[in-house]
Amino acid sequence: MYHHHCLGIRRANPTKEKHVSTNDLISHRNQYKGQKAIFTLSLVAIFTLWVWQFHQIIFSFNSNQSLGRAEIEPNEPPRRIRAREDNVAKYRAAIIHANKILVFYNLFVAGTEDEERVQDIVNEQLAVLDPQLHYINASITSLGHPLPRIPDQMTREHIVEGGDEGETLHALWNYCRSNNNHDTKVVYLHSKGSFHPSEQNDKLRRFLTEGALSGECAHLPDTCNVCSSRMSPLPHPHTPGNMWLARCDYVAKLVDPFALKEKKLPKQYLHDNACHGYGRFFFEHWVHSHPSVSPCDLYAGNEYTWAYEHVPRVPFRKNLQRAPRFEFNHYVQMESSLCPLTPDAVLGRQVKDYKTIYNSVALADSWWGWNFFTRASSHPPPSNKRIITNKRRTVPRSPSASFCYSEEGSLHHIALDMIQHSSRPGSPSYEKLKHVLNLNQQFYINLGSPIFHRNEVSISTMLQGYGLNQTVGRPSSHIITTILVETKLTDSVCRINEDECRDYPRILIQIDHDKLGNEVELCHSSPNCIIVDSSIHNLATAVEKGWTHSFVLLPVMIQSVSRLESQELKLEPLQTRSHSIVYLDRIDDTPKALLWTNNTNQHPETFNLSEMRLRDMTNLYRNTKVCVVSRRYYTSSVGGGYKHLSELARFGCIPVFETFSDSIGTSSFEHCGRVIFSNEEELLKRATDVVGVINHGLINDFTHVDWWKKGVNWGQLLLHFIV
């Protein structure tokens with residue numbers, strides 16, 4: 001006979017109980033029933049006690065008006081009013097046990113005059129809370145002037161001066177670190193429009209609030225860890241307007257939001273940069289900053305991607321899907337054209353941020369960027385799903401006639417992409433360019449050095465194509481009837497740093513790739529001066545300084561004809577050329593050429609480029625198989641390089657070029673111009689590999705030279721763009 005061990009009844013011993021009477025059986029049965037009844041009553045009592053305790057926690061939390069109230073010293077009111085820790089513990093326990101979502105709310109009120117307007121914003125947003133999904137008492141961080149009608153139990157903290165979104169995000173981050181599990185979720189909201197009231201802010205606030213508090217986000221699938229109305233990968237991964245829901249096990253991996261104000265991030269993150277998500281824009285980037293982010297968004301319409309144009313009205317139909325849901329170019333077409341947005345540039349910056357902030361470049365197969373960037377680029381992702389920066393091809397591509405001789409693959413198309421990137425129609429820089437061009441009917445160009453003569457020809461052709469007339473003689477500084485086209489090297493008839501010349505009509509051609517001088521700032525401050533630059537790197541600097549209204553990107557450093565070409569050159573076959581590699585570099589602050597006739601194991605010949613005659617330089621390039629250009633005398637992140645590329649490539653040598661940060665047209669340079677980009681340490685190795693390819697007869701045509709010669713249609717460029 002077997003009895004339930006939980007009731008303390010052992011298995012009967014058959015050797016001692018061979019004869020059992022009926023009375024004995026009845027007695028054992030009654031004993032078992034009694035013990036079972038006692039056990040059942042015990043369970044009921046324990047369960048009743050547990051329910052009562054849970055009810056007391058919820059009841060005390062909802063009814064206790066002192067929860068979250070400040071403890072204020074009577075004689076010394078603190079700048080910060082913090083909730084009591086014991087009540088916060090109850091607050092957390094109640095939320096977790098009820099399996100609801102805690103909403104963290106960042107509230108800003110500038111002053112007494114804003115109270116009523118901001119109270120309406122708060123009421124509007126908190127009315128969207130769903131009692132079945134969210135805890136009704138949000139955790140509010142109040143900044144600036146206190147809002148009188150906010151219940152004490154909702155105010156987590158009040159900061160009179162110096163606070164920002166980082167305070168609320170830090171509290172949210174700490175909460176998730178204490179509740180680090182997959183099923184615990186948090187929502188972040190803020191009173192958008194309380195500081196800058198506008199119809200645009202109202203529309204975006206309502207759109208974002210509806211998504212962050214939606215049932216779709218609350219029940220997001222396991223494949224998502226951040227959910228919002230819209231996630232945009234450009235110009236950096238973010239939710240425009242910064243309201244979202246996230247899983248706590250993901251949030252716990254993020255960098256502390258206080259790292260920004262405590263200056264624990266690298267220096268570049270401390271300065272405002274809307275293109276990179278740095279400075280005050282870091283908080284918008286923060287929730288999507290980790291390599292393990294798996295974003296989803298709700299809005300299926302393609303008319304809104306980010307910023308403020310075409311924000312949907314509420315309510316909107318929700319369709320939860322992995323983000324980003326559109327192609328790369330769709331996000332570019334809808335943006336403000338102030339940031340360098342190409343697949344290579346955005347991907348490189350994203351990987352650099354992962355490395356800098358989280359010391360990680362290994363990305364999972366599920367990373368959102370693989371399909372997104374692969375579709376946008378002709379380069380497949382690395383097979384091991386690990387980004388290796390500056391690792392490029394060794395063998396130059398064979399140009400594709402269908403692409404390289406089409407309008408899309410041309411240098412002219414690169415020029416149009418550049419000006420569209422910086423100055424889309426209707427933008428401030430577009431309007432300022434039109435204004436300057438229409439000030440006078442004639443222009444005078446002097447770029448200040450003979451090395452820019454061919455560039456002068458291109459720019460003059462462009463301006464004449466627009467309908468302006470070129471003045472040959474030097475104009476008078478007293479009569480403002482001519483647009484001056486010049487560089488910082490120009491001996492100007494009316495210098496921009498002179499007060500009486502500040503508003504003279506002027507086109508300033510920027511020739512530096514790594515810095516913006518005082519003349520650029522002066523040009524920006526003048527209503528009649530526009531800056532024309534070839535470098536996206538410089539445009540990004542202009543974004544940081546607030547000068548973009550005066551910046552126009554155009555490839556004016558590309559030479560329509562190389563300054564070394566005095567006549568049509570007969571190109572010698574690459575395989576039979578006498579020199580293997582010419583390496584252009586700056587040594588001892590002097591531009592020099594290192595020449596290898598056979599291989600790089602031999603000691604090279606050295607030439608001082610500044611002392612060489614143009615004919616000698618021409619013969620050097622036309623007899624060399626591979627032309628290498630190092631640009632390490634600039635900083636590692638500079639742009640430009642177009643002048644060198646357009647000068648060398650026409651001689652047929654294969655260009656091996658140190659990587660620069662500009663990215664518009666990079667794929668065309670590689671695909672059609674046979675340019676090989678490499679980091680500085682591997683330049684000679686890449687060049688040696690290419691020499692081997694040439695010696696085996698694998699490159700025996702000059703289709704890349706024909707591509708360069710086709711060039712930019714300067715005479716039609718402005719007419720194609722300016723209406």
Side-chain angles (χ1 to χ4, degrees), residues 415 418-419 422-423 429-512 516-535 538 547 549-561 563 642-643 646 711-722:
M418 290 178 73
I419 192 171
S422 66
S423 312
S429 60
Y430 175 89
E431 296 299 333
K432 191 173 186 181
L433 174 63
K434 283 178 58 178
H435 167 73
V436 173
L437 291 175
N438 295 332
L439 283 173
N440 295 110
Q441 285 296 310
Q442 55 189 9
F443 67 94
Y444 174 73
I445 184 168
N446 177 9
L447 300 189
S449 172
I451 65 172
F452 297 120
H453 172 65
R454 296 297 185 181
N455 305 98
E456 286 186 3
V457 172
S458 301
I459 297 169
S460 298
T461 304
M462 177 179 69
L463 296 177
Q464 291 177 62
Y466 185 72
L468 303 181
N469 300 316
Q470 182 174 2
T471 298
V472 178
R474 184 178 173 90
S476 169
S477 61
H478 303 293
I479 304 175
I480 307 178
T481 59
T482 304
I483 301 172
L484 296 181
V485 184
E486 55 191 30
T487 72
K488 69 175 186 178
L489 302 178
T490 302
D491 181 17
S492 178
V493 299
C494 197
R495 295 184 179 277
I496 195 170
N497 58 358
E498 299 173 2
D499 291 341
E500 63 272 17
C501 299
R502 188 69 52 82
D503 293 338
Y504 207 111
R506 197 180 315 261
I507 299 175
L508 181 64
I509 307 297
Q510 171 69 14
I511 57 175
D512 287 331
L516 300 179
N518 183 57
E519 70 281 355
V520 176
E521 183 175 8
L522 292 173
C523 181
H524 170 67
S525 65
S526 168
N528 300 327
C529 184
I530 194 76
I531 303 149
V532 176
D533 202 317
S534 299
S535 170
N538 285 346
W547 299 344
H549 292 181
S550 302
F551 249 77
V552 174
L553 280 182
L554 280 171
V556 289
M557 287 296 105
I558 289 181
Q559 302 177 69
S560 56
V561 178
R563 67 190 176 100
Y642 305 110
K643 189 174 190 302
S646 58
V712 178
N713 186 351
W714 291 104
Q716 297 293 315
L717 183 57
L718 292 179
L719 292 178
H720 284 171
F721 183 71
I722 297 179

Sub-3.5 Å donor-acceptor pair from the side chain of T490 to the main-chain atoms of N446, do we have one? yes
Applying side chain to side chain contact (heavy atoms under 4.5 Å, CB included), run through K432 and H549 and close with a yes or a no. CA-CA 7 Å; K432 191 173 186 181; H549 292 181; 5.6 Å; no
Closest non-hydrogen atoms of Q441 and G467, given as atom of the first, atom of the second and distance, are OE1-O, 3.7 Å
**OP:** Mark yes or no for whether T471, through its side chain, and G473, through its backbone, hold a donor-acceptor pair below 3.5 Å.
**Re:** no
Separation between CD (E519) and CZ (R495), nearest 0.5 Å, reads 11.0 Å
Interatomic distance, CE@M462 vs CG@L468, rounded to 0.5 Å, equals 9.5 Å
To the nearest 0.5 Å, atom OH of Y466 lies from atom CG of N438 at 4.0 Å
> So, the side chain of S525 versus the backbone of L522: is there a donor-acceptor pair under 3.5 Å, distance only?
Replying inline: yes
Which of I722, L554, V532, L553 passes side-chain contact (heavy atoms from CB on, under 4.5 Å) with I419? It is L554
Between I496 and R502 the two heavy atoms that sit nearest each other are O-NE, 2.9 Å
Result for side-chain contact (heavy atoms from CB on, under 4.5 Å) between I530 and one of L437, I483, I507 points to I507
In short, S429 meets S422 closest at the heavy-atom pair OG-O, 3.2 Å
side-chain contact (heavy atoms from CB on, under 4.5 Å) test vs N455 passes for just one of V556, L447, T487, namely L447
### Task
Step by step, work out the side chain to side chain contact (heavy atoms under 4.5 Å, CB included) result for L508 and K488.
CA-CA 8 Å; L508 181 64; K488 69 175 186 178; 5.6 Å; no
Y444 and V472 have their tightest heavy-atom pair at CE1-O, 3.7 Å
Note: V436 and C529 closest approach over all heavy atoms is CG2-N, 3.9 Å
